[in-house]
Undergrad: 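I'd like to ask you about the structure that follows.
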Amino acid sequence: MSDSIGRNSIGKVRAALRERGEATRPQLAAATGLSAVSVGRAVQQLCASGEAELRGEAGAGRGRPAELYRFKAESRIAALFKAERTGNLCTGQLELLDCCGQVKRREEARFALLHAQSLDDLLDELCEGRRLSAITLSLPSDLTPSRLAAHLRGRFGCPVRRISRAMALADETEGSLTLYLPPGEAPEACLRRGGRLQPCGRLQLLPLPADWASLNPDDHTLLEEMVARLLLITVCTLAPERLTAYAPFWTERLMNRIRYNFSTKMRGYPAPKLAFRPLRTRQVDEGLRRLSLAD
């Protein structure tokens with residue numbers, strides 16, 4: 001339990017110092033709500049790991065001057081690999097991020113087959129000997145190379161996690177369900193429950209009128225029925241309090257048709273608050289980077 005509490009304290013102090021850039025221990029205690037002793041121990045750990053350094057003393061005033069610490073953004077480097085299908089190929093983009101979310105280097109590549117060793121050369125070239133703090137994978141739900149995460153974990157000695165694009169778009173509202181509906185790919189979903197994001201499995205296996213990957217987004221009749229059934233199944237299964245669906249093909253008329261279709265399928269049963277949002281690549285990318293750096 002004490003180790004867990006210690007990691008929690010370090011994470012909170014790291015986040016507060018990263019946000020401020022420079023801060024004293026009293027400022028970090030005020031920002032995190034931790035005791036002076038916990039902040040002191042966390043700062044010592046961050047300095048020992050090279051993530052922070054003592055810059056001197058803060059301003060003049062009464063009493064003993066407070067020591068000023070600086071967060072070293074270059075000390076933690078994370079890798080984010082994003083992939084999508086392009087015909088029979090897999091198009092991937094690998095980014096190296098500093099702990100402030102800035103992209104230090106970026107490289108794109110195409111793979112005929114994504115397998116366990118696919119990212120080795122890219123990571124070796126971009127890292128240039130620097131140790132990675134984490135590797136994050138964001139892959140389509142129907143693209144799951146066996147042993148990829150285990151191989152990367154063993155090869156680069158850092159945590160490897162997989163996050164969905166639905167998770168990147170999720171808000172902070174408890175009980176909210178986020179749907180990600182990209183054309184030509186299977187849908188993704190995640191649910192925020194108990195303060196945590198929970199991926200909702202492979203939605204392409206649901207009993208729907210057609211295959212998502214071959215769906216024509218201009219066929220609004222089929223699209224309406226597909227989305228309405230998907231909403232019905234996820235609501236009846238997961239019982240969210242709020243549901244937000246992201247897609248690039250919404251029109252006012254289509255959204256109204258889906259709302260009506262969905263309401264008739266619910267047959268008067270309580271429905272969650274429903275919202276439709278446009279799908280923007282920049283918003284997804286920012287969310288993926290934020291989650292890649294989360295402690």
Side-chain angles (χ1 to χ4, degrees), residues 1-81 94-106 123 126-138 153 156-161 163 167-168 170-172 192 194-197 282-295:
M1 180 67 74
S2 59
D3 288 345
S4 172
I5 293 174
R7 287 194 297 271
N8 246 353
S9 299
I10 292 173
K12 289 181 179 179
V13 172
R14 179 189 290 120
L17 190 55
R18 180 170 59 201
E19 181 178 349
R20 290 169 171 263
E22 293 184 341
T24 63
R25 293 189 187 188
Q27 289 172 337
L28 292 171
T32 60
L34 297 171
S35 68
V37 173
S38 295
V39 169
R41 289 173 178 168
V43 167
Q44 287 178 355
Q45 289 284 339
L46 293 175
C47 288
S49 65
E51 298 178 61
E53 64 179 358
L54 178 63
R55 293 284 290 169
E57 296 177 340
R62 289 188 171 184
R64 182 178 178 180
E67 293 177 331
L68 183 67
Y69 294 89
R70 180 181 78 92
F71 193 81
K72 297 167 68 176
E74 67 279 6
S75 64
R76 287 170 63 86
I77 298 294
L80 168 62
F81 178 69
L94 182 65
E95 295 180 345
L96 284 192
L97 311 171
D98 68 17
C99 63
C100 296
Q102 298 298 313
V103 179
K104 309 304 293 183
R105 295 192 64 184
R106 179 187 288 116
L123 282 166
L126 264 64
C127 290
E128 296 179 332
R130 290 177 291 190
R131 180 177 174 81
L132 291 173
S133 60
I135 299 174
T136 300
L137 307 173
S138 180
R153 194 179 298 115
F156 295 94
C158 65
V160 178
R161 52 197 169 191
I163 57 177
M167 295 171 69
D171 61 30
E172 299 296 324
R192 186 176 291 279
R196 301 185 64 182
L197 284 175
R282 180 178 177 181
Q283 184 181 7
V284 176
D285 288 345
E286 289 175 352
L288 290 174
R289 291 170 190 144
R290 183 181 67 254
L291 290 177
S292 298
L293 298 170
D295 296 313

Undergrad: So, do Leu54 and Cys47 sit near enough that their side-chain heavy atoms are less than 4.5 Å apart?
TA: no
Undergrad: Going by the rule side-chain contact (heavy atoms from CB on, under 4.5 Å), which residues pair with Glu95 if we only count those two or more places apart in sequence or in a different chain?
TA: Leu80, Lys82, Gln93, Leu97, Val103, Arg106, Arg289
Undergrad: Just verifying a value: how many Å separate Leu291 CG and Thr136 OG1, rounded to the nearest 0.5 Å?
TA: 8.0 Å
Undergrad: Does Glu19 CD have over 12 foreign heavy atoms under 6.0 Å away?
TA: no
Undergrad: Return the set of residues passing salt bridge (charged side-chain N to carboxylate O under 4.0 Å, His left out) with Glu286 (not counting sequence neighbours), or none when no residue passes.
TA: Arg282
Undergrad: Would you compute the distance between atom CD of Gln44 and atom OH of Tyr69 and round it to the nearest 0.5 angstrom?
TA: 7.5 Å
Undergrad: To the nearest 0.5 Å, how far apart are CD1 in Ile10 and CG in Leu46?
TA: 6.5 Å
Undergrad: Rounded to the nearest 0.5 Å, how far does CG of Leu28 lie from OG of Ser9?
TA: 12.0 Å
Undergrad: What pair of heavy atoms forms the shortest contact from Lys12 to Thr32, and how long is it?
TA: O-CG2, 3.5 Å
Undergrad: Can you list everything that forms a side-chain contact (heavy atoms from CB on, under 4.5 Å) with Ser133? Sequence neighbours excluded, please.
TA: Arg76, Ala78
Undergrad: Which residues satisfy the side-chain contact (heavy atoms from CB on, under 4.5 Å) test with Glu53, sequence neighbours excluded?
TA: Arg55, Arg70, Lys72
Undergrad: With heavy-atom distances below 4.5 Å as the criterion, would you say the side chains of Leu132 and Leu96 are in contact?
TA: yes
Undergrad: Quick one: does Arg14's side chain get under 4.5 Å of Phe71's, heavy atoms only?
TA: yes
Undergrad: To the nearest 0.5 Å, how far apart are CD in Glu67 and CZ in Arg25?
TA: 5.5 Å
Undergrad: Enter the distance from Ile135:CD1 to Ile77:CD1 here, rounded to the nearest 0.5 Å.
TA: 12.5 Å
Undergrad: Can you name the salt bridge (charged side-chain N to carboxylate O under 4.0 Å, His left out) partners of Arg105, sequence neighbours left out?
TA: Glu128
Undergrad: Throw together a table of side-chain donor-acceptor distances under 3.5 angstrom for residues 34-43, partners on residues two or more places apart or in other chains.
TA:
{"residue": "Ser35", "atom": "OG", "partner": "Ser38", "partner atom": "N", "Å": "3.2"}
{"residue": "Ser35", "atom": "OG", "partner": "Ser38", "partner atom": "OG", "Å": "3.1"}

